[in-house]
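A quick write-up on the structure given underneath.
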Amino acid sequence: MQGKNYIGGEWVSSPWGETFEDINPANTQEVVGVFPKSNQKDVEEAVKVAREAYSTWRRLSRIKRGEYLDNFVQLVKAEAEELAYLMAKECGKAINECRADVVEGIHMTQFMFGRSRTPYGDVVASEIGEKDAYMLRRPKGVIAAISPWNFPFAIPTWLIMPSLLEGNTVIFKPSEETPLMAHKIAEYFHRVGLPAGVFNLIQGHGPQAGWPLVTHPDVDVVLFVGSAPVGAEIKKVCAADYRKMAACEMGGKNAIIVCDDANLELAVNAAILSAFKTSGQRCVSASRLIVHEKVIDAFSKAFVETAKRIVIGDPVDEKVFMGPVINQKAVDKITFYNNLAREEGAEILLKGGRLDGEGYRQGYFMSPFIYRMKYDSRPRVLREEVFGPHVAIVPFRTLEEAIHIHNDVEYGLAMSVITEDYRKARTLREECEYGVGYVNLPSIGAEVHLPFGGLKKSGTGLPSASTLIDAVTHRVAWTVNNATEIKMAQGLSAAV
Ligand code: UN1
């Protein structure tokens with residue numbers, strides 16, 4: 001397909017004529033589409049129309065804004081299967097995961113539609129009886145939404161739907177790996193008749209299209225989900241602009257803590273899902289399984305046996321558990337960390353790596369790499385994000401030791417504890433550093449109406465529904481005196 005940008009309610013090619021190819025990572029011979037490689041001039045046009053549209057969009061009834069989202073959901077539901085199929089072609093996730101991604105996007109949009117009839121402020125008390133005081137939420141203006149490839153439908157909805165509901169206008173710059181899903185999102189907004197300029201799509205790459213958007217003086221908020229180094233650059237440049245806000249969610253080095261009393265079958269299933277779904281390429285994927293030494297042998301054996309049964313292949317095949325990784329850069333990075341584990345003295349339990357046999361040669365397929373390693377020397381491989389099917393099993397003796405290993409990383413996003421003992425679960429809940437925690441569940445599978453976001457290098461804690469509202473609105477105070485004289489809250493006299 002020949003994709004376009006969507007600016008001011010029109011489908012437009014970049015006038016400069018440059019394009020890029022959207023490649024199927026399971027078969028690099030297959031070009032899924034060709035999309036405009038936008039630059040600063042395209043971005044300027046999009047920001048201009050978004051600013052113009054803002055003045056009318058913010059004045060529209062919040063309920064009417066919500067209705068556009070409801071209509072959007074109806075279109076998505078009718079085409080969910082096709083959408084999932086195209087997603088699998090474009091990003092390589094197994095088809096059942098692509099369906100789940102679409103469902104998550106539906107949930108998010110429904111949640112925001114429902115919110116349209118709920119209060120957008122509070123009535124609060126005043127020190128003075130004759131005064132009424134309110135807290136109101138007001139939109140921030142023009143929002144840049146920059147999203148990653150691994151949830152090409154759901155994550156854009158996390159960023160876009162709250163922004164639109166609250167009365168902001170949006171410029172969306174998706175990952176250059178998943179332009180087709182972004183194009184579909186723009187199509188749905190077009191088909192529901194969203195007023196021109198309220199939602200705009202700019203396709204292209206970070207340096208040429210993303211950066212001009214982030215640094216544009218007329219963008220009020222940058223919402224970003226992606227890697228920590230890019231997020232850090234975004235936060236830096238936004239901080240230098242006195243009025244610009246950045247909400248970033250940026251990865252993790254997530255862990256599952258398996259206690260000595262754990263249900264081991266549940267522990268293995270939780271670990272398999274957390275380590276290998278999306279081929280380990282979720283920011284919430286677990287690459288550390290911190291396991292009590294009493295159960296580590298039994299756990300490791302069952303985990304490796306199960307991992308060996310994982311079916312790797314074309315993501316549109318229903319039997320496939322793990323598709324390819326996204327591109328050659330990902331293959332190189334994962335290979336680097338597999339080698340680093342070896343160099344740092346890991347005991348390899350399952351030798352994974354690039355698959356190049358029949359059926360795999362055309363794509364970026366990698367198999368699970370599992371190793372056992374002590375934490376004593378603080379190995380680098382146990383502290384850096386890998387983003388691939390690469391997982392360590394790390395022994396611990398006391399809960400204090402598990403907490404130390406868990407927290408001794410620069411990230412703090414998702415964690416899970418597997419135990420039957422509520423006291424251990426509670427201690428870990430209180431002592432571990434995380435944004436999204438689970439008991440007897442995988443570290444993946446967050447629900448949209450809960451907070452999502454992490455501590456430390458993982459982010460600002462804002463990029464999802466229930467918390468993102470705080471990034472895309474100002475809370476303002478509005479205080480009304482109903483008396484005919486002035487009485488001051490702190491007792492100041494009005495007499496001159
Ligand atoms: C991500 O990993 O980038 O919690 C987002 C999950 C999904 C979202 C993951 N709901 O697994």
Side-chain angles (χ1 to χ4, degrees), residues 84 87 90-94 96-112 145-162 174-175 177-178 181-182 223-231 247-256 269-288 321-323 325-326 330 385-391 411-416 434-455 457-468:
M87 188 188 299
E90 183 175 49
C91 82
K93 290 203 287 194
N96 67 351
E97 288 194 62
C98 295
R99 292 187 188 114
D101 188 322
V102 174
V103 167
E104 186 168 334
I106 290 173
H107 287 169
M108 182 67 211
T109 313
Q110 285 174 327
F111 179 33
M112 286 301 114
I146 303 178
S147 65
W149 65 266
N150 65 339
F151 276 79
F153 188 74
I155 291 183
T157 67
W158 295 0
L159 307 181
I160 295 164
M161 301 308 175
S175 161
E177 301 288 358
T178 49
M181 282 300 107
L223 306 176
F224 171 76
V225 178
S227 75
V230 175
C248 301
E249 197 273 289
M250 303 172 291
K253 183 72 182 173
N254 312 294
I256 298 185
N269 290 337
I272 291 281
L273 285 164
S274 308
F276 303 126
K277 268 289 155 204
T278 326
S279 302
Q281 299 169 107
R282 295 190 187 204
C283 53
V284 290
S285 294
S287 56
R288 299 183 298 157
F321 184 95
M322 237 171 72
V325 299
I326 189 67
E385 186 179 42
V386 178
F387 221 64
H390 164 117
V391 64
Y411 295 95
L413 184 56
M415 67 92 60
S416 164
Y434 61 89
V436 190
Y438 298 93
V439 180
N440 291 333
L441 282 164
S443 64
I444 66 167
E447 300 184 42
V448 296
H449 49 283
L450 284 157
F452 185 96
L455 308 176
K457 228 167 144 179
S458 294
T460 40
L462 289 171
S464 93
S466 58
T467 43
L468 190 93

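First listed ligand is number 1; within each ligand, the first listed atom is number 1. For the numbers below, each heavy atom of this structure counts, side chains included, while hydrogens, waters and symmetry mates do not. Along the sequence shown, residues carry numbers from 1.
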Main chain of [Y], side chain of [X]: is a donor-acceptor contact present, judged purely on distance under 3.5 Å?
| X | Y | result |
| --- | --- | --- |
| Glu385 | Gly252 | yes |
| Arg282 | Lys277 | no |
| Lys253 | Ser287 | no |

Exercise for the section: Any atoms of ligand 1 less than 4.0 Å from a non-hydrogen atom of Asn150? List them with their elements. Expected result: 1 (C), 2 (O), 3 (O)
Practice task
Provide the number and element of each atom of ligand 1 under 4.0 Å from a heavy atom of Trp158.
Solution key: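 Answer for ligand 1: 5 (C), 8 (C).
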Quick test: of every protein heavy atom, which one is nearest to [atom], and how far off is it to 0.1 Å?
| atom | value |
| --- | --- |
| atom 9 (C) of ligand 1 | Phe151 CE1, 3.6 Å |
| atom 1 (C) of ligand 1 | Cys283 SG, 2.8 Å |
| atom 6 (C) of ligand 1 | Gly445 N, 3.1 Å |

Handout entry: N/O separation below 3.5 Å, Arg282 to ligand 1
Key =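 Min N/O separation from ligand 1 is below 3.5 Å for Arg282.
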Practice task
Please determine if Glu104 has a nitrogen or oxygen closer than 3.5 Å to a nitrogen or oxygen of ligand 1.
Solution key: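 By distance alone, the answer is yes.
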Exercise for the section: Go through the side-chain N and O atoms of Glu104 and Trp158 and say whether any donor and acceptor fall under 3.5 Å apart. Expected result: yes
Practice task
Say whether Val225 and ligand 1 are in contact under the criterion: heavy-atom distance to a ligand atom below 4.0 Å.
Solution key: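 No, Val225 has no heavy atoms under 4.0 Å from ligand 1.
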Problem - Distance in Å, Leu462 CG paired with Cys248 SG, rounded so as to fall on 0.5 Å steps - result: 9.5 Å
Practice task
For ligand 1, note which part of Val448 has a heavy atom under 4.0 Å away: side chain, backbone, both or neither.
Solution key: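 The answer is neither.
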Exercise for the section: Describe, in one word, how the ring planes of Phe111 and His449 are oriented to each other, choosing from parallel (under 30°), tilted (30 to 60°) and perpendicular (over 60°). Expected result: perpendicular
Problem - Proximity winner for atom 4 (O) of ligand 1, if only heavy atoms of Ala446, Ala414, Ser147, Gly226 are counted - result: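 Among Ala446, Ala414, Ser147, Gly226, the closest heavy atom to atom 4 (O) of ligand 1 comes from Ala446.
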Exercise for the section: Just do the side-chain contact (heavy atoms from CB on, under 4.5 Å) check on Val448 and Gln110 with the steps written out, would you? Expected result: CA-CA 10 Å; Val448 296; Gln110 285 174 327; over 6 Å; no
